[in-house]
Amino acid sequence: NAGVMQNPRHLVRRRGQEARLRCSPVKGHSHVYWYRQLPEEGLKFMVYLQKENIIDESGMPKERFSAEFPKEGPSILRIQQVVRGDSAAYFCASSVGRLNTEAFFGQGTRLTVV
Amino acid sequence: GESVGLHLPTLSVQEGDNSIINCAYSNSASDYFIWYKQESGKGPQFIIDIRSNMDKRQGQRVTVLLNKTVKHLSLQIAATQPGDSAVYFCAEKGANSKLTFGKGITLSVRP
């Protein structure tokens, strides 16, 4: 009964490197959300994907950030040329449907840019 | 006014007392609401949900109340325990299915 799995749990990158964050949703879930959380703050929506499609990316910076959810495999949040301000916890959630359904969260990836 | 980056508001309750955590949501078109609990270093954990056609829903030791007139959501925890100490977030979902979170509240349970 695996829940949402995120890896790695902790990721350290130097400025200018690329960060790849992976999210495997609950089995049978085809909707994935990515959120970013800074210490002592709430969760900020980044992007919502449904298998192979980006439904809403209004919370994701236009530059350096991209997300995908391929037909096979996990959802990937990719951050190119990371900067110190990208340091945060990134959470993924999945749900079985679009409306009125629970969304379950993973344990997050804590990205530190040095 | 509000400031970004300051500590979250804190609710301190005595162990055994009832807790009431409040949330004001922003989108009158939202039709689904969820309360999450987040412990330090962990992801948000689903507590209870409610649809907009309801005004109350009860779970085990928790009750969620929805007042659509004033766009207010509350979470009541009966007989609060030390394990309830965490940050609590309300979230709303509208027709676009985007799950939007409110500002969290830290619940601190005094022994």
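Proteins get letters first, then strands, A, B, ... in listed order; numbering begins at 1 in each.
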| field | Part of B:Leu99 within contact of chain A (heavy atom distance under 4.5 Å) | value | both
| remark: Okay, B:Gln45 and chain A: the region with an atom under 4.5 Å from a heavy atom over there is neither
| field | Pair B:Tyr36 + A:Phe91: ring centers closer than 6.0 Å | value | no
| said: Any heavy-atom pair between the side chains of A:Val83 and A:Val113 that's under 4.5 Å? | reply: no
| said: For the backbone of B:Ala78 and the side chain of B:Arg61, can you confirm whether one donor and one acceptor N or O come within less than 3.5 Å of each other? | reply: yes
| task | Please flag which part of A:Leu38 lies under 4.5 Å from any non-hydrogen atom of chain B: side chain, backbone, both or neither. | result | neither
| query | For A:Gln37, is it the side chain, the backbone, both, or neither that has a heavy atom closer than 4.5 Å to a heavy atom of chain B? | reply | side chain
| Does one side chain, of B:Glu92 or B:Ser26, offer a donor that lies under 3.5 Å from an acceptor on the other? | yes
